[in-house]
2 protein chains.
Amino acid sequence: MVQYVSPPLDLSFAALSDATRRGIIDQLGREDASITSLADKFQMTLTGMKKHVQVLERAGLVVTQKVGRVRTCKLGKRGLKAEAEWIEAHRKLFEARFEALDDIISELNREGRDEPAS
Amino acid sequence: MVQYVSPPLDLSFAALSDATRRGIIDQLGREDASITSLADKFQMTLTGMKKHVQVLERAGLVVTQKVGRVRTCKLGKRGLKAEAEWIEAHRKLFEARFEALDDIISELNREGRDEPAS
DNA sequence: TACATACTGAACCATATAGTTCAGTGTTTA
DNA sequence: TAAACACTGAACTATATGGTTCAGTATGTA
């Protein structure tokens, strides 16, 4: 089996922190697309779209291939496994914390709140 | 039931894109902590740590409360639900894409690669 | 060959991030 | 009351991001 080493979570979470890029992933989930078609769909210059695709590519979420003058973008094979694992592990952490501390938290909520209106 | 509206995914994914901040979440999963203790643990100035905590707070991942001169940080009640949902939904997208296109992809891999060594 | 298409790269802009130092303010404690 | 502690805010630095325009290069087509 080929190993798909995930680039650090820094890169993928940063890539996912932009709505346009999440939209690109959405779109590539439907069909592969050229830079031009993505730029049209997201109302952006070619150059701007190219940068977004590069961010996704550095994160390993998208792969591209140029054939002739067209660069085709598709979802990267490595997927979102590492990200899902981090999120799930820490989701459990959150939950465990609240089971243990539920009463303390509600007590804190009953007390006066810090910085009522900044 | 109280509704915990998640700040946009932009903010939470951006918050998670930094290793120090993921470490802070890790740490708060073990026990609540003051800014000072976190700053010590991550070898950073108080001011620097305060900024990280603010990023996590804006994303709704951490809540803080100041009592006396100590600001205590803990995991936010809203958890990572919205993020987990986005990731899971799109993980399926990735997989579905590869089931459909597995043969096409392996064909593309057999062809010459674009930009062999940049 | 000439034109259109699809991308690419450099340069620029405004804003954000990750960190710092320094000078406070407010709180505890001796 | 004085000193120590915990935080806060302003200001600064260097670098990244999200976008643009403009000037290419390479490819496809009439």
Side-chain angles (χ1 to χ4, degrees), chain A residues 7-25 28 32-59 61-74 111-118, chain B residues 7-25 28 32-59 61-74 111-118:
Chain A
L9 290 177
D10 288 43
L11 288 181
S12 46
F13 282 133
L16 296 178
S17 74
D18 182 274
T20 299
R21 285 193 295 263
R22 290 195 304 276
I24 293 169
I25 289 180
L28 296 181
D32 297 348
S34 66
I35 306 278
T36 297
S37 69
L38 290 172
D40 287 352
K41 193 102 52 186
F42 291 91
Q43 307 223 86
M44 187 176 294
T45 58
L46 264 184
T47 311
M49 180 51 68
K50 177 130 195 286
K51 284 194 186 180
H52 279 303
V53 168
Q54 273 172 342
V55 171
L56 289 164
E57 219 177 346
R58 265 185 269 130
L61 299 173
V62 161
V63 296
T64 73
Q65 207 209 14
K66 193 165 184 177
V67 176
R69 58 186 172 179
V70 178
R71 179 171 295 276
T72 300
C73 311
K74 60 187 73 184
E111 286 180 36
R113 266 165 217 73
D114 184 45
E115 297 156 344
S118 72
Chain B
L9 290 176
D10 288 44
L11 289 181
S12 46
F13 282 134
L16 296 178
S17 74
D18 181 275
T20 299
R21 283 191 296 262
R22 290 196 303 278
I24 292 169
I25 289 180
L28 295 182
D32 298 348
S34 66
I35 307 278
T36 297
S37 70
L38 290 172
D40 286 352
K41 192 103 52 185
F42 292 91
Q43 307 223 85
M44 185 175 299
T45 57
L46 264 185
T47 312
M49 180 51 68
K50 174 128 196 288
K51 284 195 186 177
H52 279 304
V53 168
Q54 273 171 344
V55 170
L56 289 164
E57 218 176 346
R58 264 186 269 130
L61 299 173
V62 161
V63 296
T64 72
Q65 208 210 12
K66 195 166 183 178
V67 176
R69 59 187 173 182
V70 178
R71 178 170 296 275
T72 300
C73 310
K74 59 188 73 184
E111 288 178 36
R113 266 167 217 73
D114 184 46
E115 297 157 343
S118 72

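In what follows, chains carry the letters A, B, and so on, assigned in the order in which the sequence lines appear, proteins first and then strands, with residues in each chain numbered from 1.
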4.5 Å side-chain heavy-atom contact, A:Phe42 and A:His52: no

B:Ile24 side chain near B:Lys41 side chain, heavy-atom distance below 4.5 Å: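 Not touching, per the 4.5 Å side-chain cut-off.
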
Interatomic spacing from [atom1] in [X] to [atom2] in [Y] - rounded to 0.5 Å:
X       : Y       : atom1 : atom2 : answer
B:Leu28 : B:Leu38 : CG    : CG    : 5.5 Å
B:Asp32 : B:Gln65 : CG    : CD    : 10.5 Å
B:Lys51 : B:Thr20 : NZ    : OG1   : 13.5 Å

For [X] and [N], give me the distance from atom [atom1] to atom [atom2], rounded to whole Å.
X       : N      : atom1 : atom2 : value
B:Ile35 : D:dC5  : CD1   : C1'   : 14 Å
A:Leu56 : D:dT17 : CG    : P     : 12 Å
A:Asp10 : D:dT15 : CG    : C1'   : 15 Å
B:Phe13 : D:dT17 : CZ    : P     : 17 Å

If the cut-off is 4.0 Å, is A:Lys50 near the phosphate of C:dA6, judged by side-chain N/O to OP1 or OP2?
no

Protein-nucleotides 26-30 of chain D N/O pairs closer than 3.5 Å?
| from | atom 1 | to | atom 2 | distance (Å) |
| --- | --- | --- | --- | --- |
| D:dT27 | O2 | A:Arg69 | NH1 | 3.1 |

### Query
Partners of B:Ser17 by side-chain hydrogen bond (donor to acceptor under 3.5 Å, both in side chains), sequence neighbours excluded?
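side-chain hydrogen bond (donor to acceptor under 3.5 Å, both in side chains) list for B:Ser17, sorted by chain: empty.
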
The single option from A:Lys50, A:Lys74, A:Glu57 passing side-chain hydrogen bond (donor to acceptor under 3.5 Å, both in side chains) against A:Thr64: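 Filter result, single survivor: A:Glu57.
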
Under 3.5 Å, side chain of B:Arg21 to main-chain N/O of B:Leu16, donor-acceptor pair present? no

With B for base contact, S for sugar-phosphate-only contact and - for none (protein heavy atoms under 4.0 Å), nucleotides 14-25 of chain C reads ----SBBBB---

